[in-house]
Amino acid sequence: MDDFETSLLDETPLQSRHSEPDATPAAKRVFIKTFGCQMNVYDSERMSEALQAEGYVETSDASEADLAILNTCHIREKAAEKVYSDLGRLRDIKRDRAKGGKDTLITVAGCVAQAEGEEIVRRAPAVDLVLGSQSYHRLPELLARLRNGESALVETAFPDEDKFQALPDREPAKAASAFLTVQEGCDKFCTFCVVPYTRGMEYSRPVSSLVEEARRLVARGVREVTLLGQNVNGYHGDGPDGRATTLAGLVRHLAAIDGLDRIRYMTSHPRDMSDDLIAAHRDEEKLMPYLHLPFQAGSDRVLAAMNRKHTGADYMRLIERIREARPDIALSTDIIVGFPGETDEDFEATLTLVKEVGFAHAYSFKYSPRPGTPASKMEGQVAEGVKRERLERLQAVIDEGHSRFNRATVGRTLPVLFEKTGRRDGQLVGRSPYLQLVHADAQPDLIGRIIDVEIQAAGANSLSGVIRGSK
Ligand code: 5AD
Ligand code: SF4
């Protein structure tokens with residue numbers, strides 16, 4: 001599917017997600033930096049929880065970390081290369097701390113770890129542990145082996161046991177909205193994509209364990225879950241009756257949880273957009289009217305070379321059916337420019353499709369050849385300057401659609417789930433059903449609640465409005 005990786009690709013600074021006051025002065029500290037998609041965000045949270053059980057507290061300052069973890073992304077070259085520049089900085093920190101008699105364990109986790117394995121230790125000998133994305137639950141045991149004198153451990157197998165089951169229960173939620181990984185891996189083999197090689201074949205978690213995890217989140221204040229998977233609408237986990245359940249079936253099971261008010265999912269593949277999932281967008285009130293559905297390119301020739309197995313017309317027909325079921329749905333997508341062999345005419349077909357659909361939001365990328373993928377060996381690689389120019393033109397069209405969508409909500413009253421305080425005093429920030437950021441003046445006790453907000457203005461990236469009521 002398409003991914004997921006989309007959205008968070010803009011990396012976080014070399015700071016971890018949060019820093020917390022020390023529980024005890026002697027606590028060990030872990031620094032975690034997450035690259036890439038929301039699935040990595042979820043995995044980082046689960047690793048952090050496993051380490052808290054071992055007495056670690058999180059720090060946002062790499063120079064005070066006893067354990068530094070880079071949770072990496074391999075989807076494009078730039079993301080993968082950043083890991084090595086960060087490793088250079090961590091190596092210096094490790095050396096400086098060693099002068100003060102302090103050890104620093106450096107771990108590379110995630111998709112670069114999975115894809116490059118031993119190569120990482122060769123290129124960056126300061127690394128102590130390379131941890132593939134299926135082995136996070138083994139982190140405490142592997143750290144113990146490092147403390148006992150082993151070095152340069154590389155764990156990138158796809159083990160038999162289920163990492164989700166083996167990880168400890170989730171800690172109290174800190175937010176009103178949480179991610180829940182329901183599916184991993186992809187066997188679609190789009191010719192540009194490393195995911196089938198790094199994350200392996202599709203695997204879906206069983207319904208019962210997801211319902212249990214969602215219940216625990218809700219008991220701790222979560223009102224919204226986003227179901228994650230590289231190919232989330234290909235979900236086929238075992239249901240309570242032992243039979244495979246579709247994503248629509250999973251959504252129905254989750255929607256039955258009292259106190260869980262909003263359900264989202266990403267990322268989907270057009271070929272797995274089944275009738276029952278489309279119907280769920282019509283019938284299931286808790287399923288939010290937002291769909292991230294990558295189409296990658298508008299030209300049928302390019303789509304065929306990408307092994308997407310759909311045409312531009314297939315995609316348009318699908319969008320029509322989804323809009324029949326849920327007319328107000330906000331659509332989002334991923335697009336690649338400069339795939340090998342892409343001509344000006346092919347690129348025009350992409351622009352046309354973007355204009356025809358009218359996306360609320362879109363992620364766009366210059367094609368980046370990835371080692372081991374079929375497209376990286378194709379003839380007709382497109383020059384960097386051409387890619388750059390196409391990306392700029394595409395982004396202008398995307399931005400226009402984004403503003404149009406946001407402006408169209410001005411004057412409407414939308415239920416907003418408030419998530420945190422805003423930058424300005426007395427201001428809260430939340431999300432509309434269409435995933436738009438909404439600012440409003442409100443008391444902090446409204447965090448975690450869904451409140452009607454009349455939208456009064458649309459900025460470049462967010463909306464602002466006034467409170468009208470609560471639910
Ligand atoms: N080059 C550029 N973009 C890519 N994506 C995946 N692989 C590549 C690549 N080699 C994009 C796709 C996908 C998103 C997560 O990243 O658009 O949907
Ligand atoms: Fe998505 Fe295709 Fe990559 Fe699978 S192979 S994760 S469908 S882009």
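Just the heavy atoms: all of them, side chains too, but no hydrogens, waters or symmetry mates, feed the values below. Start at 1 and go down the list; that is how both ligands and their atoms are numbered. In this chain, residues are counted from 1 in sequence order. This structure is a prediction, so every number in the text was calculated from the model and none was measured.
For the atom pair CG of Leu291 and CZ of Arg326, the computed distance is 12.0 Å after rounding to the nearest 0.5 Å. Rounded to the nearest 0.5 angstrom, Arg282 CZ and Ile329 CD1 are separated by 12.5 Å. In this structure, Lys82 NZ and Leu70 CG are separated by 12.5 Å, a value rounded to the nearest 0.5 Å.
Residue nearest to atom 2 (C) of ligand 1, selected from Met306, His292, Lys366, Lys387: Lys366 (by heavy-atom distance). Summarising the contacts of atom 3 (N) of ligand 1 with Arg76, Gln296, His74, His269, the nearest heavy atom is found in Arg76. Comparing Pro270, Pro196, Cys190 by heavy-atom distance to atom 2 (Fe) of ligand 2, the nearest is Cys190.
For the residue pair Glu212/Ser208, the side-chain donor-acceptor check at 3.5 Å is not satisfied.
At under 3.5 Å, not a single nitrogen or oxygen of Arg370, backbone or side chain, sits near a nitrogen or oxygen of ligand 1.
Each of the atoms 3 (Fe), 5 (S), 6 (S), 8 (S) of ligand 2 lies under 4.0 Å from some heavy atom of Cys193. Counting the atoms of ligand 2 from 1 in the order shown, those under 4.0 Å from a heavy atom of His269 are 7 (S). Ligand-side atoms of ligand 2 in range of Phe192: 8 (S), range being under 4.0 angstrom from any heavy atom. For ligand 1 and Ser368, the ligand atoms under 4.0 Å from any heavy atom of the residue are 1 (N), 2 (C), 9 (C), 10 (N).
At a heavy-atom cutoff of 4.0 Å, ligand 1 is contacted by both the backbone and the side chain of Phe192. Only backbone heavy atoms of Phe189 (N, CA, C or O) come within less than 4.0 Å of ligand 2; its side chain stays farther off.
Between Phe405 and Tyr434, the ring-plane angle classifies as perpendicular under the 30° and 60° cut-offs.
Under 2.8 Å from atom 3 (Fe) of ligand 2 lies no N/O/S atom of Cys186, from backbone or side chain alike.
What you find for Asp346 and Gly341 is that their closest heavy atoms are OD2-O, 3.6 Å. The shortest heavy-atom contact between Asn40 and Cys73 is ND2-N, 4.3 Å.
A 4.5 Å side-chain heavy-atom check between Leu277 and Asp272 finds every atom pair outside the cut-off.
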